[in-house]
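In this text, all values refer to a predicted model and were calculated from it rather than measured experimentally. Just the heavy atoms: all of them, side chains too, but no hydrogens, waters or symmetry mates, feed the values below.
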Amino acid sequence: INEETKTIKNKKKKKISLPVPAPARDGEPVLPHTDIADKSKRIWIVTTAALPWMTGTAVNPLLRAAYMTEGRSEAGGSVTLMLPWLERQQDRDSVYGKSRDFETPEEQEAYIRKWLVEKAKLPEASDKLRIQ
C-alpha cells in the first residue's frame, strides 16, 4: 500500500488508485469548509435505513442529525436527513412488518418525528430537523 494512494482490484481485475486520507496531526487546524461545529453550515446526512427499522443504520444517523440541529437554525444553518423510501408495499412489509403506521413517505416522516418526541425526548429537534 502506497501512503498516497491505495490500489484496489475490481471484479474485472483492473487496478483503481484511491487517495488515502492522512491522519490529523496535533495542533493542525480544522479547515473552515469542513468544520461541522460551525452552526451556520448546512449539513446533509444520508443513510440507507430508516425507522421503524430499529437498526444502528437507521437510529444512529437520526440521533446524530437531531443532535446537530441544536442552535443551527438560529445561526443560519440547517440539518437535513436523507432517508430511503421503499416503493413496493411488499418491501415495506418485509422490512418494517405489516403493522407499521404508514403507507406514504409523509406518514413515515410523521412516524419518525413522533419517535423523536416520545422515545428520544427531542421535541425541538423533531421540529427543526429537515427530513427528505
Practice item. Would you name the heavy atoms of Gly71 and Lys39 that are closest together and state the gap between them? Key: O-CB, 3.9 Å
Exercise for review: Find the distance between CZ (Arg64) and CD1 (Ile36) and round it off to the nearest 0.5 Å.
Suggested key: 7.0 Å
Exercise for review: Would you name the heavy atoms of Lys41 and Asp35 that are closest together and state the gap between them?
Suggested key: CG-O, 3.7 Å
**Study point:** CD/Glu107: more than 12 non-hydrogen atoms of other groups inside 6.0 Å
**Key:** yes
Check your understanding: How far does CG of Leu129 sit from CD1 of Ile112, to the nearest 0.5 angstrom?
Key -> 9.0 Å
Revision key, fill the gap. Note: Asp91 and Leu86 closest approach over all heavy atoms is O-CD1, 3.8 Å
Review point. Salt-bridged, Arg92 to Glu103, with N to O below 4.0 Å?
Key: yes
**Study point:** Any Gln132 side-chain heavy atom under 4.5 Å of Thr80 side chain
**Key:** yes
Practice item. Mark yes or no for whether Arg72, through its side chain, and Gly77, through its backbone, hold a donor-acceptor pair below 3.5 Å. Key: no
Review point. Hey, mind stepping through Val59 and Met54 against side chain to side chain contact (heavy atoms under 4.5 Å, CB included) and telling me if it holds?
Key: CA-CA 6 Å; Val59 175; Met54 297 301 289; 4.0 Å; yes
Check your understanding: So do the side chains of Lys119 and Leu116 get within less than 4.5 Å of each other, counting heavy atoms only?
Key -> no
Check your understanding: For the atom pair CG (Leu62) and CD1 (Ile131), what is the distance rounded to the nearest 0.5 Å?
Key -> 6.5 Å
Review point. Does the side chain of Pro61 come within less than 4.5 Å of Leu81's, by heavy atoms?
Key: yes
Check your understanding: For atom CG of Leu63, is the number of surrounding heavy atoms from other residues, nucleotides or ligands below 6.0 Å larger than 12?
Key -> yes
Check your understanding: How many angstroms lie between atom CD of Gln89 and atom NZ of Lys98, to the nearest 0.5 angstrom?
Key -> 8.0 Å
Review point. Does a side-chain heavy-atom distance below 4.5 Å link Arg42 with Arg130?
Key: no
Study note, to complete from the structure: Looking only at heavy atoms, the pair that brings Tyr96 and Pro52 closest together is CD2-CD, 3.5 Å
Practice item. Measure from the side-chain N and O atoms of Ser126 to the backbone N and O of Arg113, and report whether any donor-acceptor pair falls under 3.5 Å. Key: yes
Practice item. Side-chain contact test, heavy atoms from C-beta onward, threshold under 4.5 Å: evaluate it for Phe102 versus Leu51 and give yes or no. Key: no
**Study point:** Spacing of CH2 belonging to Trp85 relative to OG1 belonging to Thr104, to within rounding of 0.5 Å
**Key:** 6.0 Å
Review point. What are the two closest heavy atoms between Pro84 and Ala49, and how far apart are they?
Key: CG-N, 3.7 Å
Revision key, fill the gap. Taking every heavy atom of Pro123 against every heavy atom of Val117, the minimum-distance pair comes out as CA-CG2, 3.8 Å
Check your understanding: How does the hydrophobic cluster around Val46 look, that is, which other residues are in it when side-chain heavy atoms under 4.5 Å mark a link?
Key -> Trp44, Met82
